[in-house]
Enquirer: 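Have a look at this one.
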Amino acid sequence: MKKYDPRVTPRQIKEHEFPQDRDPTEKLQFLLRYAILAPSSHNTQPWKFSVGKDEIQVFIDRTRWLKVADPDLREQHISVGCALENLLIAAEHFGYGHQVTYFPKPANEELVATVKLKPQGQPTPFRDPALFEAILNRRTNRKVYDERPIPQGDLQHLQNCCVEGDIWLHMTDDLETKRKADELIIRGDAIQFSDPAFREELGYWIGQGLLSAPWLMSKMAQLTVTYMNLSKGQAKKDSEVLMSAPILAAISSEVNDRESQVKVGQVFERVCLAATIRGIRVHPMSQILEIPELKAEVSKLIPKPDVFPQHTFRLGYIEQEKEHTPRRPLEEVLV
Ligand SMILES: Cc1cc2nc3c(=O)[nH]c(=O)nc-3n(C[C@H](O)[C@H](O)[C@H](O)COP(=O)(O)O)c2cc1C
């Protein structure tokens with residue numbers, strides 16, 4: 001039997017292996033191979049799925065909750081939204097129509113969405129079919145970006161990814177806004193890295209080898225992060241990468257509820273994939289939303305009053321990251 005390698009195996013999906021002649025459940029399960037390639041906070045992959053004949057249920061996995069960095073589960077819901085979006089894009093690619101019901105059983109907060117799937121359905125007009133190919137290539141890029149600006153036409157394509165009426169995508173190249181965001185990032189790193197509980201949690205996930213380093217390096221990085229306050233070095237690095245980015249972006253919602261957070265994830269994933277097609281790199285920088293007093297400051301940088309900032313990231317150009325981060329096997333996330 002071939003050895004399972006989480007770094008490569010989940011990405012070895014051959015489109016032509018779609019089980020066309022098999023039973024409906026097996027076909028829907030195949031779509032989930034794309035869903036699990038989504039980004040997630042600390043690569044926690046906090047999702048679970050249950051597959052029926054014409055329906056997939058999408059769950060949040062509370063056992064993978066970042067209790068310190070994400071106490072209100074905002075990032076967890078955004079991450080699940082990213083996976084849901086990949087699922088819908090893959091469904092459309094293989095000819096399915098879909099209907100999503102968010103939180104269909106209010107008493108069950110872990111059931112995030114039910115997706116009804118029907119063969120020979122109509123694709124949605126705002127999901128560019130080219131996004132499908134990008135699912136396999138997308139990855140987070142944390143490098144310093146080139147100074148090169150992003151052309152207006154490409155920014156417009158990214159803007160068009162946000163079609164939900166109550167969700168807002170703001171992108172800016174304004175230097176003053178960048179400087180203010182930079183100050184917040186520096187404060188955020190100082191607060192988080194001086195908190196042993198934050199360092200322990202981050203160290204744990206790094207130690208799982210989920211952030212792309214080989215096993216030994218992951219374990220060494222876990223020890224370093226857990227036992228040393230690296231806030232100064234981290235702040236310097238984050239400041240440099242933030243200021244290098246030609247564009248800073250924020251996705252906000254009109255209502256601060258779970259459904260909106262899932263939709264924010266869906267928009268973010270479409271932006272990531274549309275950016276990937278155009279060679280634009282994406283890097284979420286979440287610390288400024290993880291600390292309540294800084295989050296209030298972020299709101300002031302968004303040129304729309306009374307919205308809740310949910311996710312912040314930077315965009316720009318640089319060579320692609322060589323490695324992909326690993327994923328858990330699909331079998332592990334099926335219930
Ligand atoms: C909601 C959310 C928040 C994230 N926050 C950060 C962050 O603050 N800093 C960072 O470097 N990456 C962040 N990421 C990126 C994840 O670390 C990344 O998606 C994960 O490690 C998987 O790697 P990949 O995106 O290359 O597949 C975030 C991703 C999501 C979905």
Side-chain angles (χ1 to χ4, degrees), residues 6-8 10-11 34-47 60 64-66 68-86 134-145 181 184-185 188-189 191-193 198 201-202 205-213 218 221 225 234-235 237-242 245 248-253 258 260-273 275-276 281-291 294-295 298 309-315 318 320-328:
R7 270 162 217 286
V8 291
R11 286 177 197 279
Y34 295 91
I36 62 171
L37 300 182
S40 61
S41 187
H42 289 14
N43 203 13
T44 47
Q45 306 164 54
W47 40 66
I60 205 150
R64 305 178 78 81
W65 171 24
L66 299 172
V68 183
D70 184 30
D72 58 1
L73 293 138
R74 175 182 49 83
E75 290 178 24
Q76 214 183 14
H77 285 86
I78 295 175
S79 302
V80 172
C82 293
L84 170 63
E85 187 58 29
N86 275 7
I135 292 177
L136 282 160
N137 302 326
R138 183 215 57 80
R139 65 195 88 168
T140 301
N141 193 310
R142 300 183 177 85
K143 294 177 183 168
V144 172
Y145 293 164
L184 297 178
I185 289 276
D189 283 337
I191 295 170
Q192 287 190 323
F193 280 87
F198 173 83
E201 182 180 77
L202 176 61
W205 289 98
I206 291 176
Q208 300 300 301
L210 289 170
L211 296 169
S212 208
S218 299
V225 166
Q234 188 67 38
K237 197 169 130 206
D238 284 341
S239 172
E240 192 187 358
V241 298
L242 180 128
L248 297 189
I251 306 179
S252 319
S253 62
R258 296 285 180 233
S260 301
Q261 289 163 353
V262 174
K263 287 180 180 168
V264 165
Q266 292 186 252
V267 172
F268 174 62
E269 182 62 351
R270 286 201 289 276
V271 170
C272 285
L273 299 174
T276 301
R281 312 302 178 210
V282 183
H283 177 199
M285 297 189 86
S286 303
Q287 55 274 67
I288 50 181
L289 296 180
E290 289 168 352
I291 300 160
L294 299 188
K295 192 172 182 173
V298 175
Q310 300 285 0
H311 192 49
T312 43
F313 51 103
R314 63 188 186 104
L315 297 159
I318 195 65
Q320 184 59 289
E321 291 279 4
K322 287 194 186 69
E323 299 275 327
H324 276 290
T325 50
R327 290 294 183 274
R328 297 190 288 157

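When a ligand or atom number is given, it counts from 1 through the structure's own listing order. These numbers come from a predicted model, not from an experiment.
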Enquirer: Calculate, to the nearest 0.5 Å, the distance between atoms CD1 and NZ belonging to Ile78 and Lys263 respectively.
Expert: 14.0 Å
Enquirer: Start with the C-alpha gap between Thr325 and Arg327, add the side-chain angles, then the distance that decides, and say whether side-chain hydrogen bond (donor to acceptor under 3.5 Å, both in side chains) holds.
Expert: CA-CA 7 Å; Thr325 50; Arg327 290 294 183 274; 2.8 Å; yes
Enquirer: Between Gln192 and Glu290, is the side chain to side chain contact (heavy atoms under 4.5 Å, CB included) condition met? List the steps.
Expert: CA-CA 9 Å; Gln192 287 190 323; Glu290 289 168 352; 2.6 Å; yes
Enquirer: Collect the protein residues that have a non-hydrogen atom under 4.0 Å from ligand 1 and hand them over in chain and number order.
Expert: Pro39, Ser40, Ser41, His42, Asn43, Glu75, Ile78, Ser79, Arg138, Arg139, Thr140, Arg142, Leu211, His283, Pro284, Met285, Ser286, His311, Thr325, Arg327
Enquirer: Is there a side-chain hydrogen bond (donor to acceptor under 3.5 Å, both in side chains) between Gln320 and Asn137 once you walk through the steps?
Expert: CA-CA 10 Å; Gln320 184 59 289; Asn137 302 326; over 6 Å; no
Enquirer: For Glu240, which residues count as a side-chain contact (heavy atoms from CB on, under 4.5 Å) partner, sequence neighbours excluded?
Expert: Val144
Enquirer: Between Ser286 and Glu75, is there a side-chain heavy-atom distance shorter than 4.5 Å?
Expert: yes
